[in-house]
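Single-structure report; data block below.
Keep in mind that this is a model prediction, so the values were computed, not measured. Both counts, for ligands and for their atoms, begin at 1 and track the order of listing.
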Amino acid sequence: MIRYFTAGESHGPALSAIVEGLPAGITISPENINNELARRQQGYGRGGRMKIETDKAVVLSGVRFGKTIGSPVSLQIENKDWKNWTVKMAQFEKPDADIPAITIPRPGHADLTGMIKYGFEDIRPVIERASARETAARVAACSLVKAFLRSAGIQIGSYVSSIGSAEATSSSHRVQELLEKGAETLAREADASCVRMLGKENEENAVAAIDKAREEGDTLGGIIELFITGAPMGLGSYVQHDRRLDAELASALISIQAVKGVEIGTAFENARKPGSQVHDELFPGTENGPSRKTNRAGGLEGSMTNGSVIHLRAAMKPIATLMSPLHSFDITSMDAHLSHIERSDTCAVPACSVIAEAVTAPVIANALLKKTGGDHLDEVLERLEAYREEIAARFKRQ
Ligand code: EPS
């Protein structure tokens with residue numbers, strides 16, 4: 001099974017990641033990894049930091065002649081901003097210069113609980129690792145898993161459907177049309193927008209909402225629509241809680257900084273309707289599987305992929321660092337204070353949607369590997385093909 005870990009502080013020398021369990025034989029290119037990193041960096045509403053960084057990954061192990069070799073892949077992304085933090089973030093030598101401790105926690109951030117839990121007098125170490133800068137390492141690591149899935153015909157893509165109260169009125173017809181070509185086609189269309197929204201008018205409304213928030217020293221969250229196409233029926237299982245694919249997907253999305261809600265299909269709308277208006281009726285189909293006129297289940301029934309497009313939604317809360325700060329207090333003096341201001345983004349929802357694509361890739365890849373096994377890509381693909389043929393035979397009219 002694929003596992004990955006990341007390390008690195010936001011203003012430390014570098015971020016790193018180790019990805020382990022990838023089958024051998026997956027084609028890896030620096031362009032592919034860096035393209036995913038660039039997608040994560042784009043987006044209207046980012047702060048000054050994104051002007052400093054141009055994230056590029058260096059592959060240190062696990063790849064030979066452009067292909068994975070089954071051993072752990074390690075990656076490193078340099079933090080260009082490190083040069084401005086060598087004193088404040090020095091690993092070993094405590095500088096002579098006085099570095100004022102940050103002692104006023106930001107509401108909604110890891111600051112307060114983090115410093116109590118780890119016993120810090122200064123919030124700085126919490127800020128550094130709780131920062132969503134860490135997601136650059138996740139995106140680099142998971143780009144390898146996305147490449148694996150791509151060669152198995154499985155694609156992941158996303159777009160942003162709302163930023164603050166600017167809700168997109170995307171036509172579901174257009175979304176369907178794009179998804180028919182694969183979720184990455186949809187993602188490419190979203191990439192063309194600075195807020196990863198479909199439709200110029202939606203984009204303009206979102207940009208205006210971000211501008212207004214910035215002027216007011218405020219921040220905005222939003223909603224991400226994530227799609228996975230090409231997954232065969234039967235990934236995941238209903239037989240035990242820890243084999244449930246919907247739970248694993250939700251867990252992966254919730255693990256992203258500031259993501260506080262996940263929806264599978266139209267789950268919340270479904271909860272308000274009777275079953276007759278919710279469940280996706282089955283009709284005899286083709287050898288690709290049964291036909292359904294709706295996909296309110298979001299491609300997951302019984303915690304397994306049912307052959308329909310997987311549709312997940314993630315809710316990102318507004319970033320906790322506000323330029324017009326909220327009420328807080330100084331943990332040293334216990335005096336009331338406005339909260340700490342730190343350079344930050346006004347809105348990072350477009351970046352979050354790219355991260356959402358990344359973190360769901362290992363979940364799907366592991367479900368696939370549980371079904372097929374295989375240490376080399378060719379082995380996985382052969383077994384997947386045989387399974388797809390079996391499915392097709394089951395749905396053939398006698
Ligand atoms: C972040 C604060 C900002 C963001 C950062 C996440 O960084 P800085 O404190 O250096 O201005 O830009 O995001 C990234 C650096 C990134 O690469 O996504 C935070 O506190 O979470």
Side-chain angles (χ1 to χ4, degrees), residues 6-17 33-57 75-89 99 102 104-115 122-143 160 194-196 210 213-214 217-222 224 255-260 316-323 325-326 328 339-359:
T6 70
E9 277 73 47
S10 179
H11 304 100
L15 298 164
S16 45
I33 306 170
N34 293 335
N35 180 45
E36 291 295 313
L37 287 172
R39 290 179 71 227
R40 193 199 70 95
Q41 281 202 273
Q42 70 166 12
Y44 194 78
R46 302 303 298 271
R49 180 72 184 274
M50 288 304 99
K51 292 189 183 81
I52 301 173
E53 306 294 344
T54 319
D55 292 334
K56 296 252 182 300
L75 301 152
Q76 198 171 330
I77 302 162
E78 179 198 353
N79 281 326
K80 288 204 176 132
D81 205 16
W82 160 243
K83 63 176 185 300
N84 304 315
W85 289 77
T86 48
V87 175
K88 273 194 194 171
M89 286 298 293
I99 297 171
I102 300 168
I104 309 170
R106 292 162 293 175
H109 214 285
D111 296 356
L112 177 60
T113 309
M115 75 187 298
D122 182 354
I123 299 170
R124 175 54 58 198
V126 181
I127 298 178
E128 288 297 321
R129 184 61 188 164
S131 165
R133 174 80 187 136
E134 181 264 345
T135 59
R138 288 209 242 181
V139 166
C142 295
S143 72
V160 171
C194 65
V195 283
R196 307 204 75 247
I210 295 168
R214 188 191 290 109
D218 219 327
T219 57
L220 291 179
I224 290 142
S255 79
I256 304 170
Q257 292 82 339
V259 170
K260 290 286 144 187
M316 183 190 194
K317 70 177 180 180
I319 287 165
T321 311
L322 272 64
M323 295 304 137
L326 298 173
S328 184
S339 73
H340 170 70
I341 298 179
E342 168 111 2
R343 179 186 61 192
S344 190
D345 307 312
T346 305
C347 173
V349 180
C352 187
S353 69
V354 175
I355 301 157
E357 293 175 14
V359 299

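- Taking atom 6 (C) of ligand 1 as the reference point, the nearest protein heavy-atom neighbour is S131 OG, 3.4 Å.
- Of the residues listed (I127, L112, I319), the one engaging R106 in a side-chain contact (heavy atoms from CB on, under 4.5 Å) is I127, and it is the only one.
- The shortest N/O to N/O separation between A130 and ligand 1 does not fall below 3.5 Å.
- At least one heavy atom of D345 sits under 4.0 Å from some atom of ligand 1.
- Between N79 and E9 the shortest heavy-atom distance is ND2-O, 3.1 Å.
- For C352, the side-chain contact (heavy atoms from CB on, under 4.5 Å) partners at least two apart in sequence or on another chain are I224, I256, V259, M316.
- For D81, no nitrogen or oxygen atom sits less than 3.5 Å from a nitrogen or oxygen atom of ligand 1, counting backbone and side chain alike.
- At least one N or O atom of R343, backbone or side chain, sits closer than 3.5 Å to an N or O atom of ligand 1.
- Scored by the side-chain contact (heavy atoms from CB on, under 4.5 Å) test, S131 finds S10, R133 as partners (sequence neighbours excluded).
- A donor atom on one side chain and an acceptor atom on the other are not found under 3.5 Å apart for T321 and E342.
- Of the heavy atoms in R46, only side-chain atoms (C-beta onward) come closer than 4.0 Å to ligand 1.
- The nearest heavy-atom contact from the protein to atom 14 (C) of ligand 1 is M50 CE, 3.6 Å.
- The two residues P350 and C194 have their closest heavy-atom pair at CG-O, 4.1 Å.
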Worksheet item: When you look at I355 and Q257, which way does the side-chain contact (heavy atoms from CB on, under 4.5 Å) test go after all the steps?
Response: CA-CA 10 Å; I355 301 157; Q257 292 82 339; 5.9 Å; no
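- Ligand 1 lies less than 4.0 angstrom from a heavy atom belonging to H11.
- Inclusion of R133 in the set of residues having an N or O under 3.5 Å from an N or O of ligand 1 is warranted.
- Ranking the protein heavy atoms by distance from atom 17 (O) of ligand 1 puts R40 NH2, 2.6 Å first.
- In this structure, atom 21 (O) of ligand 1 lies nearest to the protein heavy atom A132 N, 3.0 Å.
- Between the side chains of R129 and T6, at least one donor N or O lies within less than 3.5 Å of an accepting N or O.
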